[in-house]
J.: 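Quick one: this structure, given as structure tokens, is what I'll be asking you about.
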Amino acid sequence: MDLSERRRCPAGQVVKSCIEGKTNKDWIKESGERKSDAANDDKKICRNAQTSLYRSIKRRWRVEKQTENKKKTIKRINIEKGKISKESQAEKKTSKDERIKRRRFEEGDIEKESQAEKKTIKDERIKRRRFEEGEIEKESQAEKKTSEGESIKGRAVKEGQLQKESQAKKKTSKLERSKTSQVDVDDKKIREENSKGRNIKQNEDNNKRSRSEDPLEEGGSIQKRPCLDIERPATLDSDNYKFHTVLGQGGFGWVILASFRPKKQLVAIKILKKQKNNCDSIAKEARLLKISRECAFLCHSYATFQSELEAFFVLEYASGKSLWQMILRDGNLPMSRIIFYTAEMVVALQFLHSKGIIHRDLKPDNVLVDKDGHIKICDFGLAKENITGQKNNYGLAGTRGYRAPEVLLQDEYNAAVDWWSFGVIMYEMATGKLPYSTSGSILNQTYAIMTETPDYPSYMSEEMLDLLSKLLETDDTKRIGLNGNIREHPFYSTINWDDLENRRLETPFQPGMPSADDFYEFPLPFSTHNCNGKNLKDFSEVDPNWNWQE
Ligand code: ADE
């Protein structure tokens, strides 16, 4: 079975070539090629992802255009209904101030009139806003089938404009109130730290945002777009990130290559749409990303924050390719590389399992290589926490081809399922193929696994063959990983585990880190879907070890 057959259209791509042995200089030299070289391996893959990005940008543009049109229509209706007086139309060219002055002069009762004038303006604005909201509501219902999310976005834009107008008048006291009443202790700390360390002039404007008085808000950490006049920590403000290109997209949301503006530091931002039923899963992922900071071979988060509709995970950017991209490009990988990468995976898996966590979706796509050439296991979306070692029925999780037989059979299972997937990945790295066919029903796949032995090519070393047969063991109680000490297997006889764990071993190749300047900026493809997401409590957080101010 050919890899290209098996694979779905790849979700992840990197807009650059990540070629073995390239130094940072090479990266910079090749940056031009990254932007323009049609022969680039990744370009096709990239095009798919970019197309959806462009589509999203187009949709945004359309929404703005619609918003603009709506505004015009509302204005016209207002005129027709006589809400805007004939006089004001006649006086259109005369400035408001002049009119007020003249009237004041004529009536001679400046104080009274200015109060009345203020009231009228305010009433007019409230009326207009209610009217607009009503209109939008009606329209959004009419458009429900096609662009429910777009209407809401348009409304948010309009509300933002109205808010801007009214906020310009009553700015300071409200700001103070909301600051003291809603800032939770954690965010307060972060803000204090940030205000001490903030030194980036260019971002001052971006960091000024208001916080709504919605009591549902997680104190200070939610971004209620668009709001304009309170300081938010630089790291927790999506305006402080430039968005470059899509690295991955799926049911979960997006992973986007971005850079943190103050440092021009490349990061990968995972954006999940908040929905009614995924809040627990988002919170779990945030927890696991935090735990993963303790292991060098797990992808960790620098920060997490949220807007009304989305949860953002600012992740370290693994600039090397994923194992899946390497296998796709090279077919199979050299033995030294398989030993090194899988050894680092052993450390990562043993760490996760020691914390009672099963990954459940191990596959080459989720094993990335960082700028120094070390692996980073990512994507804890399907992970399960608090596993005691006892088997339980956790459902049919994972990806076709990588699921252990006990998962396929929907039996009770434990962390041994990760060791099965680990075996499949090792086999794939060695042969460029999966050990078992993924065609047919789940029953067929299970039957093949239970009755057939994978094809072990003759070039495979004895040590590898032995280890693979122990990993691809259908009886999970006998499978190596939880069972026996995999570190002592002859396949890893060359590995000094202490050096490996401390990243002291030389990596097979060092991809380096491209410069943020090598990438164009794109508008953020925000979700345009209406979702009934809840605010996530105590979600916003910054890795204390992230030197974002340097
Ligand atoms: N794709 C998904 N997560 C990624 C990350 N952290 N770095 C690079 N590519 C990714």
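The analysis underlying the following values was restricted to heavy atoms, covering all of them including side chains, and did not include hydrogens, waters or symmetry mates.
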J.: Which residues satisfy the side-chain contact (heavy atoms from CB on, under 4.5 Å) test with R287, sequence neighbours excluded?
T.: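 Scan of R287 (side-chain contact (heavy atoms from CB on, under 4.5 Å), adjacent residues dropped) gives A283, K284, E385.
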J.: Provide the closest heavy-atom pair for A311 versus I282 in the form atom of the first, atom of the second, distance.
T.: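 So the minimum-distance heavy-atom pair works out to CB-CG2, 3.7 Å.
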J.: Kindly say whether I327 contributes a backbone atom to a donor-acceptor pair with the side chain of D330 at under 3.5 angstrom?
T.: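 No.
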J.: Just to verify, what does E473 make a side-chain contact (heavy atoms from CB on, under 4.5 Å) with, not counting sequence neighbours?
T.: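 If we apply the side-chain contact (heavy atoms from CB on, under 4.5 Å) test to E473, skipping adjacent residues, the hits are D475, K478, R479.
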J.: Does the S259 side chain pair with the main chain of R261, one donor and one acceptor, at a distance under 3.5 Å?
T.: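 No.
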J.: For T342, enumerate each residue passing the side-chain contact (heavy atoms from CB on, under 4.5 Å) test, keeping only those at least two apart in sequence or located in another chain.
T.: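 If we apply the side-chain contact (heavy atoms from CB on, under 4.5 Å) test to T342, skipping adjacent residues, the hits are I338, F422, M426, M429, F491, Y492.
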J.: Without placing hydrogens or testing angles, list every side-chain donor-acceptor pair under 3.5 Å for residues 453-465, not counting sequence neighbours.
T.:
unit_1 : atom_1 : unit_2 : atom_2 : d
Y459   : OH     : N332   : ND2    : 3.4
Y459   : OH     : A430   : O      : 3.1
S461   : OG     : M464   : N      : 3.1

J.: Quick one: does any side-chain atom of Q510 pair with a main-chain N or O of T507 as donor and acceptor, under 3.5 Å?
T.: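 Yes.
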J.: Taking only residues two or more places apart in sequence or in another chain, which ones pass salt bridge (charged side-chain N to carboxylate O under 4.0 Å, His left out) with K371?
T.: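 Testing K371 for salt bridge (charged side-chain N to carboxylate O under 4.0 Å, His left out), a comparison that skips the adjacent residues, returns none.
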J.: Flag the pair E541 and R293 as a salt bridge only when some basic side-chain nitrogen lies within less than 4.0 angstrom of an acidic carboxylate oxygen.
T.: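 Looking at E541 and R293, the cut-off is met.
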J.: Taking E344 first and then R503, would you say they form a salt bridge - that is, a charged N and a carboxylate O separated by under 4.0 Å?
T.: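 No.
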J.: Would you please name every residue forming a side-chain contact (heavy atoms from CB on, under 4.5 Å) with N386, sequence neighbours left out?
T.: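 N386 satisfies side-chain contact (heavy atoms from CB on, under 4.5 Å) with no residue once adjacent residues are dropped.
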J.: Where do P405 and M450 come nearest, in terms of heavy atoms and distance?
T.: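 What the structure gives for the nearest pair is CB-SD, 3.9 Å.
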J.: Does any donor atom in the side chain of D361 or T399 lie under 3.5 Å from an acceptor atom in the other side chain?
T.: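 There is such a pair between these side chains.
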